[in-house]
Amino acid sequence: MYAESKTRLAKAEARWQRQVAALGSLRQSMKNPESFVLSTALEMDDGTLCVMYRATNSFNAIVPGKR
């Protein structure tokens with residue numbers, strides 16, 4: 001039982017690390033990464049990460065986005 005919970009925790013930690021890396025990559029892809037504000041991040045049952053955010057565009061307007 002202990003080994004099963006340890007494996008489950010390791011998988012959850014790996015999933016968390018992938019999600020943090022994906023959010024970091026999304027932030028760095030912005031025209032102005034400093035303007036990136038995460039509104040919502042939801043993990044679907046299949047592991048897909050759905051993100052809603054706000055950031056500035058080329059005209060310096062703050063606009064919402066989804067990924």
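These numbers come from the heavy atoms of this one structure, side chains and all, not from hydrogens, waters or symmetry mates.
Listed by chain and residue number, Asp46 satisfy the side-chain hydrogen bond (donor to acceptor under 3.5 Å, both in side chains) test with Thr48 (two or more places apart in sequence, or in another chain). Scanning for side-chain hydrogen bond (donor to acceptor under 3.5 Å, both in side chains) contacts around Gln28 gives an empty result, with sequence neighbours left out. Scored by the salt bridge (charged side-chain N to carboxylate O under 4.0 Å, His left out) test, Arg15 finds Glu43 as partners (sequence neighbours excluded).
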Would you mind writing out the side-chain donor-acceptor pairs for residues 31-38 within the sub-3.5 Å range, not counting sequence neighbours?
unit_1 : atom_1 : unit_2 : atom_2 : d
Asn32  : OD1    : Glu34  : N      : 3.3
Ser35  : OG     : Asn32  : O      : 2.7
Ser35  : OG     : Thr56  : N      : 3.0
Ser35  : OG     : Thr56  : OG1    : 3.1

Ignoring hydrogens and angles, write down the donor-acceptor pairs under 3.5 Å from the side chains of residues 57-67, residues two or more places apart or on other chains.
unit_1 : atom_1 : unit_2 : atom_2 : d
Asn57  : OD1    : Phe59  : N      : 2.9
Asn57  : OD1    : Asn60  : N      : 3.2
Asn57  : OD1    : Ala61  : N      : 3.0

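Note that CD of Gln19 and CD of Gln17 are 10.0 Å apart. Values are rounded to the nearest 0.5 Å.
Taking each heavy atom of Ser5 and Tyr2 in turn, the nearest pair found is OG-O, 2.9 Å.
When hydrophobic side chains of Ile, Leu, Val, Met, Phe, Trp and Tyr are connected at separations under 4.5 Å, Trp16 ends up clustered with Val20.
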Item checked: Evaluation steps, side-chain contact (heavy atoms from CB on, under 4.5 Å), between Leu49 and Leu42 -> CA-CA 6 Å; Leu49 188 61; Leu42 299 171; over 6 Å; no
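Pairs engaging residues 17-26 under the salt bridge (Lys or Arg N to Asp or Glu O under 4.0 Å) rule: none recorded [sequence neighbours left out]. Listed by first and then second residue, the salt bridge (Lys or Arg N to Asp or Glu O under 4.0 Å) pairs involving residues 47-60 amount to none (not counting sequence neighbours).
Judged by distance alone, with hydrogens and angles left aside, the side-chain atoms of Ser25 form no donor-acceptor pair with the main-chain N or O of Ala21 at under 3.5 Å.
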